[in-house]
Number of protein chains: 2
Amino acid sequence: MTDKEKMPVCADGEHSHPEIVESVADRMADEEILMDVAELFKVFGDSTRVRIICALFESELCVCDIAELLNMTQSAISHQLRVLKQARLVKYRRDGKSIFYSLADSHIRTIFNSAFEHVME
Amino acid sequence: MTDKEKMPVCADGEHSHPEIVESVADRMADEEILMDVAELFKVFGDSTRVRIICALFESELCVCDIAELLNMTQSAISHQLRVLKQARLVKYRRDGKSIFYSLADSHIRTIFNSAFEHVME
DNA sequence: TCATCATATGAATAACTGTTCATATATACA
DNA sequence: TGTATATATGAACAGTTATTCATATGATGA
């Protein structure tokens, strides 16, 4: 090319499809909700947290039991539980010296069941 | 403390609950499946990819239309489509100069519907 | 066949995230 | 009340990731 003028990337009105774009934009969920969904999936998108959640599907557990179950340090588990707590996905109760965590929301099971179905084809 | 000896973190057999841990370990899904689930959620855990997926719920779209819809560069969209492609979540077809992307799997809708329900309380 | 243009890709950068290590907190129970 | 201990937290580090910029690729359609 003779000049610094760069090539168009899908010049408007020719190969782009403005009417489709507009129609899709109208029907899509609000930006804010999409951000929340991404944020939720981000929390689910870590194998440690997935393992914690799946463990809690089976039983409430104290921190050190989770650590033992996953063969990880108490600190690492505690940090991840904080993430789950901030996302309001787990709740906890004290019993003696231990603190027992459990899942806070039944939707989590539904979401994970769908994901399991997908993963197992 | 007088020595480098650190305190126990939930000494076995006392405050830990080995029978519960073992029982949960038995019932949990295989490690490999949990990794796949985490990997799937990781792909969903980005707002750009969530927006692309939700756009594709409404209609198949070419790359430049997605870029316009999301107000992002063609390159950024292309990079993210590659991630979705590698996860086998989208498929594509050529039509003239454009390449139209669409969702490859109906499970995605199910998973997202559950996530939307959760996010909207 | 050749120039064009939609799309793909590679390298670089900046921001983010998970674990570790060290230590603080706080509750139980002696 | 004081000590032991289950849990929480902060800082640091390493690994990962999303975007940008520049450029390659490759099919179209003239």
Side-chain angles (χ1 to χ4, degrees), chain A residues 1-17 35 38-39 41-52 60-68 70-87 90-101, chain B residues 1-17 35 38-39 41-52 61-68 70-87 90 92-101:
Chain A
M1 60 208 81
T2 55
D3 207 4
K4 61 188 293 289
E5 189 64 30
K6 301 309 299 283
M7 73 232 67
V9 175
C10 196
D12 265 319
E14 192 139 13
H15 291 97
S16 76
H17 312 82
M35 297 289 282
E39 211 57 42
F41 284 138
K42 195 171 293 177
V43 174
F44 291 158
D46 173 78
S47 62
T48 298
R49 288 190 294 265
V50 163
R51 294 198 296 158
I52 292 175
E60 68 169 5
L61 291 165
C62 70
V63 180
C64 65
D65 282 346
I66 299 175
E68 186 185 324
L70 305 193
N71 198 32
M72 294 181 66
T73 66
Q74 173 270 322
S75 180
I77 299 301
S78 199
H79 277 297
Q80 295 307 336
L81 283 172
R82 187 156 66 99
V83 175
L84 294 172
K85 215 185 305 177
Q86 285 172 340
V90 297
K91 55 182 194 282
Y92 56 94
R93 68 177 182 86
R94 174 175 285 274
D95 179 23
K97 290 181 187 170
S98 301
I99 295 184
F100 283 83
Y101 280 83
Chain B
M1 57 209 82
T2 56
D3 207 6
K4 61 190 293 290
E5 190 64 31
K6 300 310 298 285
M7 72 231 68
V9 175
C10 195
D12 266 319
E14 194 140 12
H15 290 97
S16 74
H17 312 81
M35 297 289 283
E39 210 57 43
F41 284 138
K42 196 171 293 177
V43 174
F44 291 157
D46 172 78
S47 63
T48 298
R49 288 192 292 266
V50 163
R51 294 198 297 160
I52 292 175
L61 291 166
C62 69
V63 180
C64 66
D65 281 346
I66 299 174
E68 186 183 325
L70 305 193
N71 197 33
M72 295 181 64
T73 66
Q74 173 270 323
S75 180
I77 300 302
S78 199
H79 278 296
Q80 295 307 336
L81 283 172
R82 186 155 67 99
V83 174
L84 294 172
K85 214 186 302 176
Q86 286 171 340
V90 297
Y92 56 94
R93 68 176 182 86
R94 175 173 284 274
D95 179 23
K97 291 183 186 168
S98 301
I99 296 184
F100 283 83
Y101 280 83

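Proteins get letters first, then strands, A, B, ... in listed order; numbering begins at 1 in each.
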Ignoring backbone atoms, test whether [X] places a side-chain nitrogen or oxygen under 4.0 Å from the OP1 or OP2 oxygen of [N].
X: B:Tyr92; N: C:dA8; result: no
X: B:Tyr101; N: C:dA8; result: yes
X: B:Lys97; N: D:dG26; result: no

Value in whole Å for how far the [atom2] atom of [N] lies from [atom1] of [X]:
X: A:Leu84; N: D:dA8; atom1: CG; atom2: C1'; answer: 15 Å
X: A:Asp95; N: C:dA28; atom1: CG; atom2: P; answer: 10 Å
X: B:Arg94; N: C:dA8; atom1: CZ; atom2: C1'; answer: 11 Å
X: A:Arg51; N: C:dG18; atom1: CZ; atom2: P; answer: 14 Å
X: B:Ile99; N: D:dT28; atom1: CD1; atom2: P; answer: 10 Å
X: B:Arg82; N: D:dA24; atom1: CZ; atom2: C1'; answer: 14 Å
X: B:Gln86; N: C:dA8; atom1: CD; atom2: C1'; answer: 12 Å
X: A:Phe44; N: C:dT17; atom1: CZ; atom2: C1'; answer: 18 Å

Original post:
With no angle test and no hydrogens, is the base of D:dA8 tied to the side chain of A:Gln74 by a donor-acceptor pair under 3.5 Å?
Top reply: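 Check passes, donor-acceptor contact within cut-off.
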
Original post:
Would you say the side chain of B:Ser98 and the base of C:dT7 hold a donor-acceptor pair, judged only by whether the two atoms sit under 3.5 Å apart?
Top reply: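 When only heavy-atom distances are counted, B:Ser98 does not reach the base of C:dT7 through any donor-acceptor pair under 3.5 Å.
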
Subject >> Minimum-distance pair of heavy atoms, taken over all atoms of A:Val43 and A:Ala87 >> reply: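 Shortest heavy-atom separation between A:Val43 and A:Ala87 comes out as CG2-CB, 4.1 Å.
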
Subject >> Distance-minimising heavy-atom pair for B:His17 and A:Ser98 >> reply: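 Heavy-atom minimum between the residues: CE1-OG, 4.5 Å.
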
If you look only at distance, which donor and acceptor atoms sit under 3.5 Å apart when one is on a side chain in residues 79-86 of chain B and the other is two or more places apart or in another chain?
from    : atom 1 : to       : atom 2 : distance (Å)
B:Gln80 : OE1    : B:Arg49  : NH1    : 2.7
B:Lys85 : NZ     : B:Tyr101 : OH     : 3.3

Working to the nearest 0.5 Å, report the span between [atom1] of [X] and [atom2] of [Y].
X: B:Thr48; Y: B:Ile77; atom1: OG1; atom2: CD1; answer: 6.5 Å
X: A:Glu60; Y: A:Ile99; atom1: CD; atom2: CD1; answer: 12.0 Å
X: B:Arg51; Y: B:Met72; atom1: CZ; atom2: CE; answer: 6.5 Å

**OP:** Report yes if the side chains of A:Ser47 and B:Met35 come closer than 4.5 Å at any heavy-atom pair, otherwise no.
**Re:**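 They are in contact (side-chain heavy atoms under 4.5 Å apart), so the answer is yes.
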
Please tabulate the protein-to-nucleotide N/O contacts below 3.5 Å involving nucleotides 15-19 of chain D, giving atom names and distances.
from   : atom 1 : to      : atom 2 : distance (Å)
D:dA18 : OP1    : B:Arg49 : NH1    : 3.0
D:dA18 : OP1    : B:Arg49 : NH2    : 2.7
D:dA18 : OP2    : B:Arg49 : NH1    : 3.4
D:dT19 : OP1    : B:Thr48 : OG1    : 2.6
D:dT19 : OP2    : B:Gln80 : NE2    : 2.8

Original post:
With sugar-phosphate meaning primed atoms plus P, OP1 and OP2, does B:Phe100 contact a base, only sugar-phosphate, or nothing at under 4.0 Å between heavy atoms?
Top reply: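 No contact.
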
